[in-house]
Amino acid sequence: MAAGRAFLGAPASIGATARRLAFASPPLRPLASAPHRRGRARCCASTSSSSDASASAPPSYVLTTPLYYVNAPPHMGSAYTTIAADAVARFQRLLEKKVIFITGTDEHGEKIATSAEASGRNPKEHCDIISNSYKALWADLDIQYDKFIRTTDPKHEAVVNDFYSRVLSSGDIYRADYEGLYCVSCEEYKDEKELAENNCCPVHLKPCAPRKEDNYFFALSKYQHKLEELLTTNPNFVRPSHRLHEVEGWIKSGLRDFSISRASVEWGIPVPNDTKQTIYVWFDALLGYLSASLDDGEQASLQQAVDRGWPASLHLIGKDILRFHAVYWPAMLMSAGISVPHAVFGHGFLTKDGMKMGKSLGNTLEPKDLVDRFGVDAVRYFFLREVEFGNDGDYSEERFINTVNAHLANTIGNLLNRTLGLLKKNCNSTLAFDSVAAADGNSFKNNVENLVDKAKGHYENLSLTSACETILEIGNLGNLYIDEQAPWSCFKQGGESAEKAAKDLVIILETMRIIAIALSPITPSLSLRIYTQLGFTEDQFSILRWDDTKWGALKAGQAMMEPKPIFAKIETEVEEKGQASPKEGKGGKKKARSKGLVEA
């Protein structure tokens, strides 16, 4: 566009000072489709060898969480997103995909500098501490990520510089004055029509401050029709469907160009052609999904990052950052000539006892505290089972305890424990039949197989709650079956009845083996404990595939481990508060605790 003209849809306060900038940069090569292989050198001996290797390589699946902002330590909201992403990644590994699970921290911006100053540290020291706290929490939550990117990494800055140059050479960056209301917490200018009373940000409920800057802008409005076309041709680009409708509404109302630099923020990546300004935190952080694929210490470039497995298969995010991922990000990629991600999934918010969580209300939920009190399996299971993925969900301690005790301790844990106990008492902990022979002609096997297929479909559709429900239904079938067959009575009768009882135990234990695999994306530690009690090793567990849920792995003569409860049942205790009179009753409060591995 000629100098002196503002883009259609640009903020009203951008006037005739707008001017286009461009400088040369090398053309972007076609996207490479070969997935990044960790720990292996790329084959370059011959064209045919390379083609053969590509044809035999497993399909890739690139999954990302948001890069979490390090203004404060991690909270339950960020933990929830990451637990869900980890479950999806584990399921995709069971399908034998080449998974690249990316997470990390977003470490630039005004809010980071302010938080660092408040804590008496410089920004880099502050970022190091908070970023490490995320890594520590991910370890506590059994998060098995492949790449952890920090936006202060040198490789990331190299990719950002390349990308900025690419977009600039496309003619989509221009300079203009801008004046508006700015929310520091959002790191974003706000339209007055979206603000609450007294110009308060609707998210943070704090007044937005007037600010005037000379910034660089990205021509988002230029991509209005391309984004509309994207959503029309690929309605699964934004999920769930009600999030898609939100995005369609934003685009339909008209897109406005947005500022991609800040003149007043020092803690950030300098604009390549104007070191007096730094790149806007979102234009910086979104590129972490690309730079994460690069190895530390290598010569970093945008093209290398693209070649390592882009586009992403799935971005998992909270609904509050949907606009950045479903509108800004694909337009930026289009400008740079890079493929857009396959899908963006925006989940809901968490509340506690029906109320929004906040430090001022004194009702925050600390994920580390939950893990320490109840164990990682309970935390992962509750939030993935009880919060329907894509919608808002609520936490209450009573519901948490009731759910995990009923499902994990009673339905699953107790079924395994009492079956192994019967096997020890009557069969010397050794299987008398193959699981295929034991279930021959028994409709129970078919029912389990149908539920396994159903659970797989739910996982593939990101319906994690439904996947949990279906797997629990397998456990319920097992409990009903063993109660109806009453093998303890059949063993006492001897003869054919005892033989039938021995087969029934094999059937239940094969069912437990299948449950262990099917539930492993949700509760990996619990599933490992189940699997090892069935006589398998940790190494055997680590190489399982979804295909191993097929009936028939347990063999006659296979020895089981000693029966041990596999889940720490959560119990409540009453702490006395002084001596209460008989009339008043006992004073005190209930306190939940995990009481080791106790029998359900």
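This structure is a prediction, so every number in the text was calculated from the model and none was measured. Values below: all heavy atoms of this structure, side chains included; hydrogens, waters and symmetry mates excluded. In what follows, residues are counted from 1 in the order of the sequence shown.
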TODO: Would you check if Tyr61 and Leu314 make a side-chain contact, meaning some heavy-atom pair closer than 4.5 Å?
DONE: yes
Task: Test log, rule side-chain contact (heavy atoms from CB on, under 4.5 Å), inputs Ile338 and Met332 - done: CA-CA 9 Å; Ile338 301 173; Met332 290 162 54; over 6 Å; no
Task: Heavy-atom pair of closest approach, residues Pro73 and Ser133 - done: CA-OG, 4.3 Å
Task: Backbone of Val62 reached by a side-chain donor or acceptor of Ser313 within 3.5 Å - done: yes
- [ ] Nearest 0.5 Å please: distance from the CD1 atom of Ile260 over to the OH atom of Tyr164.
- [x] 5.0 Å
Open item on the list: Determine whether Tyr223 and Asp172 satisfy the following criterion, side chain to side chain donor-acceptor pair (under 3.5 Å), listing intermediate values before the conclusion.
Closed with: CA-CA 10 Å; Tyr223 293 90; Asp172 291 337; 2.3 Å; yes
Task: Backbone of His126 reached by a side-chain donor or acceptor of Arg121 within 3.5 Å - done: no
Open item on the list: Which label fits Trp310 and His315: parallel for a plane angle under 30°, tilted from 30 to 60°, or perpendicular past 60°?
Closed with: tilted
Task: Test side chain to side chain donor-acceptor pair (under 3.5 Å) applied to His347 and Tyr80, step by step - done: CA-CA 10 Å; His347 67 72; Tyr80 172 64; 5.2 Å; no
Open item on the list: Using modelled atom types and a 3.5 Å cut-off, is there a donor and acceptor pairing between side-chain atoms of Arg529 and backbone atoms of Phe567?
Closed with: no
- [ ] Applying side-chain contact (heavy atoms from CB on, under 4.5 Å), name anything that partners Asn476, two or more places apart in sequence or on another chain.
- [x] Thr411, Leu472
Task: Expected output: side-chain Asp392 to main-chain Phe349 donor-acceptor under 3.5 Å - done: yes
TODO: Considering non-hydrogen atoms only, spot the tightest contact between Pro66 and Thr103 and give its length.
DONE: O-OG1, 4.3 Å
Open item on the list: To the closest 0.5 Å, what do you measure between CD1 (Ile149) and OH (Tyr289)?
Closed with: 12.0 Å
- [ ] Compute whether any side-chain donor of one residue and acceptor of the other, for Glu398 and Ser396, lie under 3.5 angstrom apart.
- [x] no
- [ ] Could you pull out the closest heavy-atom pair between Ala518 and Ile471, with the gap in Å?
- [x] O-CD1, 3.1 Å
TODO: Answer yes or no: is there a donor N or O on one side and an acceptor on the other, between the side chain of Thr470 and the main chain of Ser466, under 3.5 Å?
DONE: yes
Task: From CA spacing to verdict: side-chain contact (heavy atoms from CB on, under 4.5 Å), Phe383, Leu350 - done: CA-CA 9 Å; Phe383 286 101; Leu350 298 178; 4.0 Å; yes
Open item on the list: Out of the candidates Asp377, Val376, Asp142, only one should pair with Leu526 under the side-chain contact (heavy atoms from CB on, under 4.5 Å) rule; please name it.
Closed with: Asp377
- [ ] Decide if the gap between the ring center of Phe389 and the ring center of Phe345 is smaller than 6.0 angstrom.
- [x] yes
Open item on the list: What's the separation between atom CZ in Phe382 and atom CD1 in Ile522, rounded to the nearest 0.5 Å?
Closed with: 14.0 Å
Task: Residues forming a side-chain contact (heavy atoms from CB on, under 4.5 Å) with Gln144, sequence neighbours excluded - done: Asp86, Arg90, Arg93
TODO: Give, for atom OH of Tyr69 and atom NE2 of His108, the distance between the pair rounded to the nearest 0.5 Å.
DONE: 9.5 Å
Task: side-chain contact (heavy atoms from CB on, under 4.5 Å) assessment of Ile112 paired with Cys127 - done: CA-CA 8 Å; Ile112 303 300; Cys127 290; 3.7 Å; yes
TODO: Using modelled atom types only, decide if a donor and an acceptor are shared between the side chain of Lys155 and the backbone of Leu294 within a distance under 3.5 Å.
DONE: yes
- [ ] List the atom of Gln277, the atom of Ala263, and the distance in Å for their closest heavy-atom pair.
- [x] OE1-N, 3.6 Å
- [ ] Without swapping roles, check the side chain of Gln224 against the backbone of Leu255 for a donor-acceptor pair under 3.5 Å.
- [x] yes
Task: Intermediate values then yes/no, salt bridge (charged side-chain N to carboxylate O under 4.0 Å, His left out), Arg262 and Glu110 - done: CA-CA 9 Å; Arg262 296 290 184 265; Glu110 182 176 357; over 6 Å; no
TODO: Walk me through it: do Thr65 and Tyr145 pass the test side chain to side chain donor-acceptor pair (under 3.5 Å)?
DONE: CA-CA 10 Å; Thr65 71; Tyr145 59 83; over 6 Å; no
Task: Check: Thr465 side chain, Leu384 main-chain N or O, donor-acceptor pair, under 3.5 Å - done: yes
Task: Heavy-atom closest pair, residues Val371 and Asp140 - done: CG1-O, 3.9 Å
Open item on the list: What verdict does the side-chain contact (heavy atoms from CB on, under 4.5 Å) test give for Leu67 and Thr105, after you've listed the backbone C-alpha separation in whole Å, the side-chain angles of each residue and the deciding distance to 0.1 Å?
Closed with: CA-CA 4 Å; Leu67 303 190; Thr105 45; 5.8 Å; no
Open item on the list: Measuring centre to centre across the rings, with the benzene-like ring taken for any Trp, is Phe218 within less than 6.0 Å of Tyr328?
Closed with: no
Task: Salt bridge present between Lys222 and Asp257 (N-O < 4.0 angstrom) - done: no
- [ ] Please report the shortest heavy-atom distance between Arg385 and Cys468, naming the atom on each side.
- [x] CD-CB, 3.6 Å
Task: Polar side-chain atom of Ser527 near backbone of Pro524 as donor-acceptor pair, under 3.5 Å - done: no
Task: Nearest-0.5 Å distance that lies between atom CG in Leu231 and atom NZ in Lys252 - done: 13.0 Å
Task: Spatial distance of atom CD1 (Ile129) from atom NZ (Lys124) [nearest 0.5 Å] - done: 10.5 Å
Task: Steps toward salt bridge (charged side-chain N to carboxylate O under 4.0 Å, His left out) verdict (Arg243, Glu246) - done: CA-CA 5 Å; Arg243 303 274 180 249; Glu246 288 181 49; 3.1 Å; yes
Open item on the list: Determine whether a donor-acceptor pair (N or O, by modelled atom type, separation under 3.5 Å) exists between the side chain of Asp153 and the backbone of His156.
Closed with: no
Task: Geometric class of the Phe400/Phe374 ring pair [parallel <30°, tilted 30-60°, perpendicular >60°] - done: tilted
TODO: List the steps and the verdict of side chain to side chain donor-acceptor pair (under 3.5 Å) for Asn234 and His342.
DONE: CA-CA 9 Å; Asn234 182 11; His342 293 161; over 6 Å; no
Task: ring-ring contact (aromatic ring centres under 6.0 Å, His included) partners for Phe163, two or more places apart - done: Phe283
